[in-house]
There are 2 protein chains.
Amino acid sequence: MSNQPAFSRADPDERRQSLIEACARVLAEKGAAGVSVRTICTEAGVSPGLLRHYFGGISEAIAETYRWTGARIDAALEQAVAQAGPDPRARLLAYLTANFRPPIASPDLLASYVALWSLSRSDPLVAAVRAEVYGQFREGLERLVRDWRPGLADPRLPAIALTALIDGLWLELSLGNAPFSPEEAEALAEHWLDALPG
Amino acid sequence: MSNQPAFSRADPDERRQSLIEACARVLAEKGAAGVSVRTICTEAGVSPGLLRHYFGGISEAIAETYRWTGARIDAALEQAVAQAGPDPRARLLAYLTANFRPPIASPDLLASYVALWSLSRSDPLVAAVRAEVYGQFREGLERLVRDWRPGLADPRLPAIALTALIDGLWLELSLGNAPFSPEEAEALAEHWLDALPG
DNA sequence: ATCCTTGCTATACACTCGTATAACAAGCGA
DNA sequence: TCGCTTGTTATACGAGTGTATAGCAAGGAT
């Protein structure tokens with residue numbers, strides 16, 4: 001009987017990343033109440049003690065998961081904009097409508113976000129990352145709005161309006177039970193974009 | 001030295017209601033992670049054991065808090081519609097814009113909702129009330145949409161679109177840090193309502 | 001083939017959680 | 001004024017939490 005190794009050593013960055021992704025899965029599947037050092041490590045297939053070798057605490061692990069999730073979304077948005085070509089309106093519209101398709105519009109991502117948002121109320125580390133991610137999102141949108149309407153005195157108001165538009169449609173789409181296709185959401189967003197005052 | 005009574009007996013309905021409102025305050029202030037039998041009862045000024053005399057468990061207490069919160073919002077919306085007079089468009093617009101003013105647009109209510117939503121993922125009782133409250137909201141909106149556009153084949157799609165509109169603007173307003181007044185949100189909602197296709 | 005580093009596991013600790021139970025006492029009916 | 005009902009408190013229990021610590025062993029270096 002040849003003894004299999006009881007565990008294997010992994011590249012530090014890969015192990016850390018696997019813990020982050022395990023945390024994201026737990027958040028999506030079990031919600032904020034289901035996330036704990038033990039559930040994360042079980043999901044990642046490692047012993048409970050290992051989390052503290054890669055993170056200062058569970059708060060830091062969750063905060064890093066938030067940061068990773070935000071970066072993933074940001075990458076998807078940037079890619080959509082890049083594929084839209086040079087026209088400012090097309091670029092802005094691509095940014096808006098990318099929110100209505102996978103991987104952004106998804107029940108899992110909505111569940112993760114609700115959990116992370118909920119945790120950010122009682123966890124300062126998570127709250128800090130939330131502000132950081134939200135700021136990045138709004139900054140990217142404001143930049144596209146400025147390119148779209150260069151003469152605009154204050155791009156913040158239309159940016160907020162468009163953020164609200166995205167939020168609402170993304171939410172209803174990600175709930176999954178809406179009688180609503182991504183195409184209809186995109187058509188609506190385009191229609192409302194052109195109807196934006198100012 | 002006359003001994004003050006160590007506690008006083010209350011009307012069962014009032015005591016139950018005070019626990020519900022204490023639960024709502026805890027949810028708003030400390031989030032989902034801060035709500036527990038002990039924090040709720042401390043907030044209500046009673047001993048921890050009392051909660052189980054009025055509720056089958058903490059899940060039931062939270063679910064009842066959800067139901068009470070939903071009813072409070074529904075009442076505010078109904079009142080706004082009643083004050084709007086007979087014109088269908090005015091009634092629909094009143095329903096929409098009531099979401100942008102207190103008591104509906106409020107950081108506390110947003111915090112409570114995020115917490116309740118988060119809890120509903122792992123707690124079946126809370127999830128059931130969430131479906132119930134969401135159904136009521138959508139039903140009320142669909143009714144107003146039908147009155148507004150009687151010839152419409154399917155009022156569900158515009159109702160979802162308007163729900164998304166409400167969700168997004170309510171969210172951004174309730175965050176509190178938006179460069180955005182309720183009046184601007186109302187003007188935007190009216191503008192987008194008239195631009196609704198179909 | 002052996003040593004050594006350190007990734008990894010195993011265990012323990014203090015704390016909080018929801019719930020169950022028994023004793024207490026407030027305040028109404030007599 | 002006394003007794004009884006029951007709302008209310010106090011206490012205890014097992015389970016789960018995050019964290020700290022000691023020891024094991026994987027696998028590259030020598």
Side-chain angles (χ1 to χ4, degrees), chain A residues 1-20 22-23 26-27 29-65 115 118-119 121-126, chain B residues 1-20 22-23 26-27 29-65 115 118-119 121-126:
Chain A
M1 39 190 291
S2 63
N3 272 349
Q4 292 275 14
F7 62 91
S8 69
R9 300 180 172 224
D11 177 76
D13 288 342
E14 286 180 18
R15 182 70 84 185
R16 186 183 155 94
Q17 184 59 29
S18 85
L19 283 168
I20 287 177
C23 181
V26 172
L27 282 171
E29 287 166 23
K30 312 190 182 216
V35 73
S36 73
V37 173
R38 287 163 180 83
T39 56
I40 294 172
C41 289
T42 298
E43 175 73 28
V46 298
S47 79
L50 193 58
L51 187 135
R52 295 243 325 137
H53 277 246
Y54 289 97
F55 303 96
I58 191 177
S59 291
E60 191 180 309
I62 294 172
E64 288 302 310
T65 303
S118 166
L119 291 168
R121 171 141 288 248
S122 50
D123 193 320
L125 261 72
V126 180
Chain B
M1 39 188 288
S2 63
N3 273 351
Q4 292 277 13
F7 63 92
S8 69
R9 298 176 174 228
D11 176 77
D13 288 342
E14 286 180 16
R15 180 72 82 188
R16 185 183 155 94
Q17 183 59 28
S18 86
L19 283 167
I20 287 177
C23 180
V26 172
L27 282 170
E29 288 166 22
K30 311 189 184 220
V35 74
S36 73
V37 172
R38 286 163 179 84
T39 55
I40 294 171
C41 289
T42 298
E43 175 71 29
V46 298
S47 79
L50 193 58
L51 186 136
R52 294 243 325 139
H53 277 247
Y54 289 96
F55 303 96
I58 191 176
S59 291
E60 191 180 309
I62 295 171
E64 287 302 309
T65 303
S118 167
L119 290 168
R121 171 143 284 251
S122 51
D123 193 320
L125 261 71
V126 179

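This structure is a prediction, so every number in the text was calculated from the model and none was measured. Naming: A, B, ... by sequence-line order, numbering from 1 per chain.
Here the P atom of nucleotide D:dT19 and the CG atom of A:L50 are 14 Å apart, to the nearest Å. Remark: P of C:dC24 and CZ of B:F7 are 12 Å apart, rounded to the nearest angstrom. In this structure, A:L51 atom CG and C:dC8 atom P are separated by 12 Å, rounded to whole Å. The nearest whole Å value for the distance from the NE2 atom in A:H53 to the C1' atom in D:dA25 is 14 Å. Distance, B:I58 CD1 to C:dT16 C1': 12 Å, rounded to whole Å. Put simply, CG on B:D11 is 10 Å from P on D:dT8, counting in whole angstrom units. Atom-to-atom, CD1 of B:I40 to P of C:dC17 comes out at 11 Å; the value is rounded to the nearest Å. Atom CG in B:L119 sits about 14 Å away from atom C1' in C:dG18, given to the nearest Å.
For A:S122 (side chain) and B:G31 (main-chain N/O), no donor-acceptor pair under 3.5 Å exists by modelled atom type. A:E60 places a side-chain N or O within donor-acceptor distance of the main-chain N or O of A:G56, the cut-off being under 3.5 Å. Between the side chain of A:T42 and the backbone N or O of A:T39, no donor-acceptor pair lies under 3.5 Å.
For the pair A:S59 and B:P12, both in contact range of DNA chain D, the more 5′-proximal nearest nucleotide belongs to B:P12. Toward the 5' end of DNA chain C, the nearer of the two residues B:S36 and A:G49, judged by each one's closest nucleotide, is A:G49. Ranked by how close their nearest DNA chain C nucleotide is to the 5' end, B:R9 and B:R52 are led by B:R52.
When side chains are defined from C-beta on, A:F55 does not count as touching A:T65, because their heavy atoms never get closer than 4.5 Å.
Put simply, A:Y54 has a side-chain N or O that comes within less than 4.0 Å of OP1 or OP2 on C:dC8.
Here B:F55 lies out of heavy-atom contact (under 4.0 Å) with every strand.
Rounding to the nearest 0.5 Å places CD1 of A:I40 at 12.0 Å from CG of A:L50.
Here the side chain of B:S8 is nearest to one of C:dG27, D:dA26, C:dT9, namely C:dG27.
The base of C:dG18 sits within donor-acceptor range of the side chain of B:R38, with an N or O pair under 3.5 Å.
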